[in-house]
Amino acid sequence: MDEALLSSLNEAQRQAVLHFQGPALVVAGAGSGKTRTVVHRVAYLIAHRGVFPTEILAVTFTNKATEEMRERLKGMVKGAGEVWVSTFHAAALRILRVYGERVGLKPGFVVYDEDDQTALLKEVLKELGLSAKPGPIKSLLDRAKNRGEAPEALLSELPEYYAGLSRGRLLDVLRRYQEALAAQGALDFGDILLYALRLLEEDQEVLKRVRKRARFIHVDEYQDTNPVQYRFTKLLAGGEANLMAVGDPDQGIYSFRAADIKNILQFTEDFPGARVYRLEENYRSTEAILRFANAVIVRNALRLEKTLRPVKGGGEPVRLFRARDAREEARFVAEEILRLGPPFDRFAVLYRTNAQSRLLEQALASRGVGARVVGGVGFFERAEVKDLLAYARLALNPLDSVSLKRILNTPPRGIGPATVEKVARLAQEKGLPLFEALKEAEGVLPRPEPVRHFVALMEELMDLAFGPAEAFFRHLLLATDYPAYLKEAYPEDHEDRLENVEELLRAAKEAESLMEFLDKVALTARAEEPGEAEGKVSLMTLHNAKGLEFPVVFLVGVEEGLLPHRNSLNTLEGLEEERRLFYVGVTRAQERLYLSYAEEREVYGRTEASRPSRFLEEVGEGLYQVYDPYRNPGPIPPPHRPKPGAYKGGEKVVHPRFGPGVVVAAAGDEVTVHFEGVGLKRLSLKYADLRPA
DNA sequence: TTCAACAAACTTTTT
DNA sequence: GTTTGTTGAA
């Protein structure tokens with residue numbers, strides 16, 4: 001590995017790899033070999049700096065990134081398998097599984113996913129006799145947790161009434177929710193990080209131990225850290241400060257998760273003496289694509305000055321297709337993909353909202369082109385999978401009433417709402433967990449057999465919960481006759497659903513224990529079978545596309561209201577984030593980039609007229625081409641109208657008739673341009689189609 | 001208790 | 001246009 005390790009890197013990458021102690025910020029533009037740099041650096045630490053693999057931590061944001069880093073590290077240097085590579089959440093959860101009892105967690109605590117969280121919130125609302133919607137309250141809750149603030153701190157920012165509740169009421173709900181979580185030994189997503197942070201802050205012993213395991217820390221996608229993750233990182237790095245933050249403020253797209261790109265913008269102030277390394281050479285995209293991308297992002301104010309330089313020259317022009325409606329847009333994408341031909345896994349179609357995927361899927365499917373939708377309803381969110389997981393969670397943690405309610409009558413076993421109501425009341429009166437109340441409910445029920453049956457089943461399962469995960473699920477399927485239930489309940493697609501169940505069993509086989517399996521499942525949105533993407537077009541949201549690259553990218557729905565999304569128009573920060581999202585999409589493309597928008601689009605079944613995105617206007621037409629295989633290319637949208645004062649003199653420009661020229665003088669709307677072979681021309685910006693060259 | 005028919009709410013993005 | 005929840009009959 002030795003010198004070959006360094007020789008395959010460019011100068012900037014090499015400098016970063018050679019960085020040894022102290023804080024460092026690697027500003028890594030899209031496609032600049034970021035992961036490569038981190039992986040090499042880790043290998044270099046081990047091979048040449050005498051650092052033990054067990055002293056290195058690399059944090060990523062997604063499971064996908066974690067896998068990739070592990071994979072690349074493997075075989076590069078001896079002991080690479082010992083490096084702690086993990087997402088923030090998985091790292092925090094691991095710490096809590098070992099030391100959680102020190103912050104009052106029960107040993108068998110479970111992790112609630114979003115659905116569970118909503119379900120519990122609904123229960124709380126019902127219990128308090130409120131009819132408010134859980135959605136807005138949940139986002140408030142998440143915001144508080146992601147920021148690491150008490151809910152009270154957020155309330156002061158809110159209007160007197162929010163989600164139909166007064167501030168005081170809202171606070172009641174949030175407090176009651178947290179109590180309920182604690183009572184059932186559950187953590188929601190935000191809690192995982194929050195508890196881990198508290199543990200590190202309050203327990204010197206634990207902090208010391210974890211720091212030993214993390215003497216050299218790498219944080220990937222640093223621009224996406226939220227305040228809790230920031231504090232977590234800072235605390236861990238607090239000892240020797242061997243922290244390497246890697247990221248790109250231009251790709252920060254998670255502010256709705258309370259990520260704050262200020263964390264990366266202020267890194268050098270936060271960590272005095274930090275070295276900064278800039279990776280600006282882009283290996284991924286053609287020059288045409290990069291020029292477009294640079295023109296997009298240069299409009300943002302909140303950034304670190306940086307220009308991506310292409311390694312690949314030239315390339316196909318960026319193309320824009322204007323569709324009449326979303327159907328035509330989908331048709332265009334599918335036909336263009338067919339025209340370019342297989343292998344189809346070199347194509348990706350990116351969109352702003354999940355709802356846009358349906359038409360695209362259909363258009364591709366009807367032409368026999370395979371597609372995989374990344375994201376959407378995740379594997380572990382499918383009803384049948386969630387059912388089985390709920391049994392498992394309840395078996396490990398009988399306090400978990402959300403899971404209990406889910407499966408109490410699934411498959412149907414004659415325990416209806418009336419029964420649940422009675423048992424719930426009993427639980428309340430006696431202060432018992434729901435499952436305990438179930439055991440004692442015989443007296444109050446007219447027909448206790450179904451309940452007795454269920455309790456017996458669960459007790460059986462509880463005995464199996466500490467054995468292998470697969471055996472647990474096998475027994476569960478048998479004992480509940482679950483496949484028969486699927487057939488009954490979903491006559492149309494029970495076969496698909498059964499397939500999912502089998503998939504779950506396969507996955508469970510890999511796990512050490514049921515608990516480990518559940519933890520993994522909770523933090524993994526979905527697992528993709530190896531080879532599943534092969535030969536298929538990838539469909540995904542822009543958020544899901546981060547970190548990926550494809551030879552050909554279609555970025556659809558480049559419209560006002562969609563990109564930028566209408567909900568983000570109110571603030572400058574919101575708008576800039578939308579622009580970054582666009583930038584992220586554009587920079588996924590290696591060879592060809594297609595953009596498209598529809599002139600009208602259905603929103604909840606209503607058809608609305610739409611206009612091309614302002615981002616297209618900002619970029620200017622010189623950097624893309626209107627493309628229309630169906631009609632004659634119409635007038636070029638959006639009209640390019642530089643404002644008076646757009647030119648000062650000296651700029652190179654292009655005129656459709658006169659060709660390339662140089663601006664000699666400019667006054668308001670009027671510019672004087674010297675064109676090669678033509679001479680001086682006086683033009684009005686209002687009428688002349690003058691573009692920057 | 002269960003199932004079917006209807007109404008309403010929904011869509012920004014996710015570890 | 002789709003999914004989720006509510007209502008009423010068997």
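Numbered from 1 within each chain, the chains take letters A, B, ... in sequence-line order. It should be emphasised that the depicted structure is a prediction, and the values quoted were computed from it without experimental measurement.
- Using cut-offs of 30° and 60° for the angle between ring planes, the A:Phe189 and A:His89 rings count as tilted.
- Close placement of the A:Phe256 and A:Tyr254 rings is indicated, their centers lying within 6.0 Å of each other.
- Dashed line: the shortest gap from a side-chain N or O of A:Thr419 to OP1 or OP2 of B:dT1 is under 4.0 Å.
- Rounding to whole angstrom units, CZ of residue A:Arg352 and P of B:dT13 are separated by 7 Å.
- Across the protein-nucleic acid pair, A:Glu577 atom CD and B:dT12 atom P stand 14 Å apart, rounded to whole Å.
- Of the candidates B:dT12, B:dT14, B:dT1, the closest approach to any side-chain atom of A:Glu578 belongs to B:dT12.
- The listed nucleotides are B:dT15, C:dT2, B:dT12; the one nearest the side chain of A:Thr353 is B:dT12.
- Between the P atoms of B:dT13 and C:dT4, the separation comes to 14 Å (whole Å).
- Closest to the A:His543 side chain, of the nucleotides B:dT2, B:dT15, B:dT13, is B:dT13.
- If you check every strand for non-hydrogen atoms under 4.0 Å, A:Phe189 touches a base.
- Per the geometry, CG belonging to A:Leu523 stands 17 Å off P belonging to B:dT14, to the nearest Å.
- The nearest whole Å value for the distance from the CD atom in A:Gln362 to the P atom in C:dT2 is 8 Å.
- Between A:Leu569 atom CG and B:dT12 atom P there is a gap of 12 Å when expressed in whole angstrom units.
- Here the nucleotide nearest the side chain of A:Arg358, chosen from B:dT13, B:dT12, C:dG1, is C:dG1.
- Taking the 5.5 Å centre cut-off and the 30° plane limit, the aromatic side chain of A:Phe256 is not classed as stacked on B:dT14.
- The CG atom of A:Leu575 sits 17 Å away from the P atom of B:dT12 (whole-angstrom rounding).
- Side-chain contact of A:Asp400 with A:Tyr112: a donor-acceptor pair under 3.5 Å is present, judged by distance alone.
- Phosphate contact (OP1/OP2 of B:dT15, side-chain N/O of A:His89, threshold under 4.0 Å): absent.
- Look at A:Asn146 and you won't find any side-chain N or O under 4.0 angstrom from OP1 or OP2 of B:dT15.
- Distance A:Met540 CE to B:dT13 C1': 14 Å, rounded to the nearest Å.
- The nearest heavy atom of DNA chain B to A:Ser568 and to A:Arg413 marks one nucleotide each, and the one closer to the 5' end goes with A:Arg413.
- Look at A:Thr62 and you won't find any side-chain N or O under 4.0 angstrom from OP1 or OP2 of B:dT14.
- As rounded to whole Å, 12 Å separates atom P of C:dT2 from atom CD of A:Glu361.
- Residue A:Asn354 has no polar side-chain atom (N or O) positioned under 4.0 Å from OP1 or OP2 of B:dT11.
- Using modelled atom types, no side-chain atom of A:Asn146 and backbone atom of A:Ala258 make a donor-acceptor pair closer than 3.5 Å.
- For C:dG5, one of the phosphate oxygens OP1 or OP2 lies less than 4.0 angstrom from a side-chain nitrogen or oxygen of A:Lys122.
- The residue A:Ala418 sits close only to the backbone: its heavy atoms come under 4.0 Å of sugar-phosphate atoms, none of a base.
- In this structure, the ring of A:Phe61 has its center less than 6.0 angstrom from the ring center of A:Phe88.
- Residue whose closest nucleotide on DNA chain B sits further toward the 5' end, between A:Lys138 and A:Lys133: A:Lys133.
- At the heavy-atom level, A:Asn409 lies under 4.0 Å from the strands shown only through sugar-phosphate atoms.
- Nearest to the side chain of A:Ala355, among B:dT2, B:dT11, B:dT14, sits B:dT11.
- Counting any heavy atom pair closer than 4.0 Å across all strands shown, A:Tyr254 reaches sugar-phosphate atoms only and no base atom.
- Within the structure, every side-chain polar atom (N or O) of A:Lys546 is placed at least 4.0 Å from both OP1 and OP2 of B:dT14.
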> Between A:Arg94 and A:Asp519, is a salt bridge (Lys or Arg N to Asp or Glu O under 4.0 Å) present by the stated rule, with each step listed?
Replying inline: CA-CA 9 Å; A:Arg94 184 165 142 188; A:Asp519 277 355; over 6 Å; no

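- Of the residues listed (A:Arg601, A:Arg352, A:Arg614, A:Arg611), the one engaging A:Glu559 in a side chain to side chain donor-acceptor pair (under 3.5 Å) is A:Arg601, and it is the only one.
- C:dG5 and B:dT12 have their C1' atoms separated by 23 Å, given to the nearest Å.
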